[in-house]
S.K.: 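Please find one structure pasted underneath; my questions will follow.
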Amino acid sequence: MLYISNNVSLDENEIVFEAIRAQGSGGQKVNKTSVAIHLRFDIAASSLPEFYKEKLLALKDKRITKEGIIVIKSQQHRSQEQNRSEALERLTALIKSVNVVQKKRVPTKPTKGSVNRRLLAKKKHAQNKRLRGKVDKE
């Protein structure tokens, strides 16, 4: 079982793991062993609550395909088991991220003092620029 929160958990039978060869340079063993992991998780066919499904499908994330399948590739570690556990951690982090409610931003106005200071600074800067100009001979 993969625990997302106190009352939400996933059965590991819903997650498909595929061992593949890792990319990049390596030693003599790199072309013979499949230590990287592709994790696939079908959002629509899962046992997640509808709230989680809707939020996950609405995410603009490159790891979620158009069909609603989460694909996570893990190849950081040299062992298949470590890559598998890292992929599971990244999946739980993605699912937990949709449960966090963003705080609504309240737009504020600048104070009168800050507006006055800004305008005075602009006037001073303009005066400095004017003084750098050519001097009229009269």
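Every value quoted in this text rests on a predicted model; they were computed, and no experiment measured them. Only heavy atoms go into these numbers, but all of them, side chains included; no hydrogens, no water, no symmetry mates.
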S.K.: Distance check, rounded to the nearest 0.5 Å: Glu89 atom CD versus Leu39 atom CG?
M.R.: 12.0 Å
S.K.: Tell me every residue that passes side-chain hydrogen bond (donor to acceptor under 3.5 Å, both in side chains) with Arg132, counting only those two or more places apart in sequence or in another chain.
M.R.: none
S.K.: Can you list the residues that meet the side-chain contact (heavy atoms from CB on, under 4.5 Å) rule with Asn116, with sequence neighbours excluded?
M.R.: none
S.K.: So, for Asn83 and Ile37, which heavy atoms are closest and what is the spacing to 0.1 Å?
M.R.: CB-CG1, 3.9 Å
S.K.: Quick one: list whatever passes salt bridge (Lys or Arg N to Asp or Glu O under 4.0 Å) with Arg40, sequence neighbours left out.
M.R.: none
S.K.: When Ile, Leu, Val, Met, Phe, Trp and Tyr are grouped by side-chain heavy atoms lying under 4.5 Å apart, directly or through other members, which residues fall in the same group as Leu119?
M.R.: Val115
S.K.: Please give me the minimum heavy-atom distance between Glu86 and Ser74, naming the atom from each residue.
M.R.: OE1-OG, 3.2 Å
S.K.: Nearest 0.5 Å please: distance from the CD1 atom of Ile70 over to the CZ atom of Arg90.
M.R.: 12.0 Å
S.K.: Considering only Ile, Leu, Val, Met, Phe, Trp and Tyr, and joining two whenever side-chain heavy atoms are under 4.5 Å apart, list the other residues clustered with Leu131.
M.R.: none
S.K.: Rounded to the nearest 0.5 Å, how far does OG of Ser114 lie from CZ of Arg118?
M.R.: 8.0 Å
S.K.: For Gln127, which residues count as a side-chain hydrogen bond (donor to acceptor under 3.5 Å, both in side chains) partner, sequence neighbours excluded?
M.R.: Arg130
